[in-house]
Chemist: 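Next up is a structure, given as structure tokens.
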Amino acid sequence: MIEDFKQMKWLPLTAGALLCALGLLAMLWPAGVVKILPVCIGAAILTLGVCELAAGIAAGRTQPRAVSGMQRLRGGVNLAVGLVLLLRRTLSLVFIAVTLGVWSILFGLLRLRDALRRRAACRPWGGCAADAVAKVIIGAGMLASPLASMALWTAFLGAFFLFAGASVIYSALYLDRLPHDFGDF
């Protein structure tokens, strides 16, 4: 198995290099990467919508009307969302940031409820409360400045991709240096 991997080591090395490049790009140019984000997501959702719509139309001949109708409805909604993401990029970024901000605040409030329950049960609650406060603050920041927060999250994602790519490259090089025969140990 190691020999098979060694013959294909170019694959993880290429993937790792691409992840590192994407990570550096996102870290050094987060505003630019954020601008293409709605295009990528919009194209994916648009494609999904077209496929679901086509499947719903094709299924109309063989499946019950309710099933094919639901597929066509999902396909139409995905088609519309994909077009909005593609055609209204700034609005799409604001929508994504606001959605993530509201999500963060809601989960922060749920976490705060858990912290209060822990406190009432005389269990450790400080870490839970700190997590809740952090989530609420992050969510409020995203709601206050959606576009800037998306650029910041893109930079964080870039750091993650850079680390993941370096890890893949290191692992590939490490496995390449393993002895051919494990009896060499």
Chemist: What residues join Ile36 in its hydrophobic cluster, counting side-chain heavy atom gaps under 4.5 Å, either direct or through other members?
Modeler: none
Chemist: Which residue pairs satisfy the ring-ring contact (aromatic ring centres under 6.0 Å, His included) criterion with at least one member in residues 109-129, sequence neighbours excluded?
Modeler: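 Listed by first then second residue: nothing to list.
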Chemist: Can you tell me how far apart CG (Asp114) and CG (Leu110) are? Round to the nearest 0.5 Å.
Modeler: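 That separation rounds to 7.0 Å.
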Chemist: If you look only at distance, which donor and acceptor atoms sit under 3.5 Å apart when one is on a side chain in residues 51-58 and the other is two or more places apart or in another chain?
Modeler:
| unit_1 | atom_1 | unit_2 | atom_2 | d |
| --- | --- | --- | --- | --- |
| Glu52 | OE1 | Asn78 | ND2 | 2.7 |
| Glu52 | OE2 | Arg74 | NE | 3.3 |

Chemist: Using a side-chain heavy atom cutoff under 4.5 Å and only I, L, V, M, F, W and Y, what cluster partners does Val33 have?
Modeler: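 Besides Val33, the hydrophobic cluster comprises Leu25, Trp29, listed by chain and residue number.
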Chemist: Using side-chain contact (heavy atoms from CB on, under 4.5 Å) as the criterion, list what pairs up with Val50, not counting sequence neighbours.
Modeler: Leu79
Chemist: Excluding sequence neighbours, so at least two apart, what forms side-chain contact (heavy atoms from CB on, under 4.5 Å) with Phe156?
Modeler: Leu152, Trp153
Chemist: Scan the side chains in residues 127-146 for donor-acceptor partners under 3.5 Å anywhere in the protein, sequence neighbours excluded, and list what turns up.
Modeler:
| unit_1 | atom_1 | unit_2 | atom_2 | d |
| --- | --- | --- | --- | --- |
| Asp131 | OD1 | Lys135 | NZ | 3.2 |
| Asp131 | OD2 | Arg111 | NE | 2.8 |
| Asp131 | OD2 | Lys135 | NZ | 2.7 |

Chemist: Could you grab the distance from atom CD1 of Ile96 to atom CG of Leu85, nearest 0.5 Å is fine?
Modeler: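 It comes to 6.0 Å.
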Chemist: Would a hydrophobic clustering, with Ile, Leu, Val, Met, Phe, Trp and Tyr connected at side-chain separations under 4.5 Å, put Met70 with Val77?
Modeler: yes
Chemist: Do you reckon Ile105 sits in the same ILVMFWY cluster as Val94, going by side-chain contacts under 4.5 Å, direct or chained?
Modeler: yes
Chemist: So, Ser167 side chain and Phe163 main chain: donor-acceptor pair closer than 3.5 Å or not?
Modeler: no
Chemist: Taking only residues two or more places apart in sequence, or in another chain, which ones meet Phe107 in a ring pair (Phe, Tyr, Trp, His ring centres under 6.0 Å)?
Modeler: Trp103
Chemist: If you link ILVMFWY side chains whenever their heavy atoms are less than 4.5 Å apart, which other residues fall into the same cluster as Leu22? By chain and number, please.
Modeler: Leu19, Leu157, Phe160, Phe161
Chemist: Do Leu100 and Ile45 sit in the same hydrophobic cluster, where Ile, Leu, Val, Met, Phe, Trp and Tyr count as joined when their side-chain heavy atoms come under 4.5 Å apart?
Modeler: yes
Chemist: Transitively linked via ILVMFWY side-chain contacts under 4.5 Å: Val98 with Met150?
Modeler: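 Yes, one cluster joins them.
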Chemist: What heavy-atom pair brings Ala151 and Pro30 nearest, and what distance separates the two atoms?
Modeler: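 Here Ala151 and Pro30 meet closest at O-CB, 3.2 Å.
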